[in-house]
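See below for the structure under consideration.
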Amino acid sequence: DIVMTQYPLSLPVNPGEPASISCRSSQSLLHSNGYNYLDWYVQKPGQSPQLLINKNSNRACGVPDRFSGSGSGTDFTLKISRVEAEDVGVYYCVQVLQTPITFGQGTRLEIK
Amino acid sequence: QVQLVESGGGAVPPGRPLRLSCASSGFTFSNYGMHWVRQAPGKGLEWVACIWADGTNKYYIDSVKGRFTISRDNSKNTLYLQINSLFAEDTAIYYCARGTGPYASGPLGDWGQGTLVTVSS
């Protein structure tokens with residue numbers, strides 16, 4: 001199974017400041033088709049998870065452009081250019097290259 | 001719009017069976033692979049199982065193989081998770097999620113609100 005490791009696990013950020021979450025996979029997520037099969041999800045308080053970014057860097061419909069994903073192979077990063085209060089929640093990186101699909105431990109973003 | 005509504009959760013003694021359902025609407029259910037993902041209280045997300053759009057292929061996390069069965073009824077637009085012999089560690093919110101395309105590929109673009117299963121004597 002592919003192991004996903006996120007850091008930090010807790011991320012306090014001032015409003016308007018940038019934030020960055022790192023994710024590392026135990027195997028490369030780069031498919032022969034050139035796509036990295038790495039998604040990012042957020043679970044806001046009291047809500048179901050929702051898709052933020054798929055295939056490493058493609059924002060889901062309705063996701064603000066202050067969210068961006070980057071990386072390749074085994075190392076990936078989710079960046080928020082300017083954190084807003086509504087961004088509070090737990091962020092998960094997820095590999096969807098193969099089953100079992102595996103999630104990172106989650107990074108809890110909070111507003112200072 | 002896409003709607004996924006889970007049901008069937010509740011408080012169940014260890015060793016008893018349970019069947020979860022996920023009723024879908026707003027999309028052509030028979031065209032999409034589907035997933036179950038669970039979340040133990042205060043913990044992270046754990047993928048459990050998926051099934052292809054036509055039901056021919058099913059995949060499970062090792063810890064539930066032989067005890068959980070994922071299935072679907074495309075005529076009823078409904079996904080199921082049959083859980084036999086529940087263990088305490090199966091206590092979790094169970095979410096159904098829609099995959100991308102017919103082969104249950106990621107990403108998981110739409111999620112239900114979840115149904116809580118509590119295993120306790």
Side-chain angles (χ1 to χ4, degrees), chain A residues 1-10 21 23 25 29 31 33 35-63 67 69 76 78 89-109, chain B residues 1-7 9 20 22 24 26-27 32-52 56-65 68 70 92-101 103-116:
Chain A
D1 299 358
I2 298 176
V3 177
M4 305 299 292
T5 304
Q6 287 181 235
Y7 49 94
L9 299 185
S10 179
I21 300 171
C23 175
S25 58
L29 303 183
H31 193 276
N33 62 11
Y35 289 107
N36 284 280
Y37 281 76
L38 185 282
D39 298 339
W40 290 95
Y41 297 78
V42 62
Q43 187 173 28
K44 297 183 178 181
Q47 296 185 18
S48 302
Q50 59 190 86
L51 177 67
L52 266 181
I53 287 175
N54 70 87
K55 291 190 182 67
N56 182 38
S57 59
N58 300 295
R59 281 188 301 277
C61 184
V63 174
F67 288 89
F76 302 91
L78 175 69
V90 181
Y91 290 77
Y92 296 91
C93 63
V94 185
Q95 70 80 18
V96 293
L97 179 67
Q98 63 183 234
T99 56
I101 290 172
T102 45
F103 289 76
Q105 314 98 301
T107 295
R108 184 174 301 275
L109 185 147
Chain B
Q1 73 278 22
V2 172
Q3 278 204 307
L4 299 169
V5 180
E6 301 92 337
S7 61
L20 306 181
C22 171
S24 73
F27 66 102
Y32 288 87
M34 297 293 294
H35 300 256
W36 287 100
V37 176
R38 67 184 177 182
Q39 185 170 35
K43 301 297 185 182
L45 299 166
E46 179 180 51
W47 177 85
V48 173
C50 69
I51 184 170
W52 284 16
T56 55
N57 282 289
K58 307 171 184 182
Y59 302 90
Y60 302 90
I61 193 170
D62 281 351
S63 61
V64 308
K65 284 179 182 176
F68 288 24
I70 189 171
I93 297 172
Y94 286 74
Y95 297 99
C96 69
R98 185 179 72 158
T100 300
Y103 304 119
S105 307
L108 280 57
D110 297 282
W111 296 62
Q113 85 290 345
T115 187
L116 176 62

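Order of the sequence lines fixes the chain letters, A, B, ..., with proteins taken first and strands second; residue numbering starts at 1 for each chain. What you see is a predicted model, and the numbers here were worked out from it, not measured in a lab.
Ring pair A:Tyr41/B:Trp111 is perpendicular by interplanar angle, where above 60° counts as perpendicular and below 30° as parallel. Note: B:Phe27 and B:Tyr32 have perpendicular aromatic rings, judged against thresholds of 30 and 60 degrees for the angle between ring planes. Using bins of under 30°, 30° to 60° and over 60° for the plane-to-plane angle, the ring pair B:Trp52/B:Tyr59 lands in the tilted bin.
Residue A:Gln95 does not touch chain B at all, counting heavy-atom pairs closer than 4.5 Å. Contact annotation for B:Val48: neither backbone nor side-chain heavy atoms come within less than 4.5 Å of a heavy atom of chain A. Only the side chain of A:Tyr92 comes within less than 4.5 Å of a heavy atom in chain B; its backbone stays farther off.
When A:Lys55, A:Gln105, A:Gln43 are compared by the number of non-hydrogen pairs under 4.5 Å with chain B, A:Gln43 comes out ahead. Heavy-atom pairs under 4.5 Å with chain B peak, among A:Thr102, A:Asp1, A:Asp39, A:Val96, at A:Asp39. Residue with the most contacts toward chain B among A:Pro100, A:Pro49, A:Gly106, A:Ala60: A:Pro49 (heavy-atom pairs, distance under 4.5 Å).
Looking only at distances, no side-chain donor or acceptor of A:His31 sits under 3.5 Å from a matching main-chain atom of A:Leu97.
No cation-pi contact links B:Lys65 to B:Tyr60, judged by a cut-off of 6.0 Å to the six-membered ring centre and 45° from its axis.
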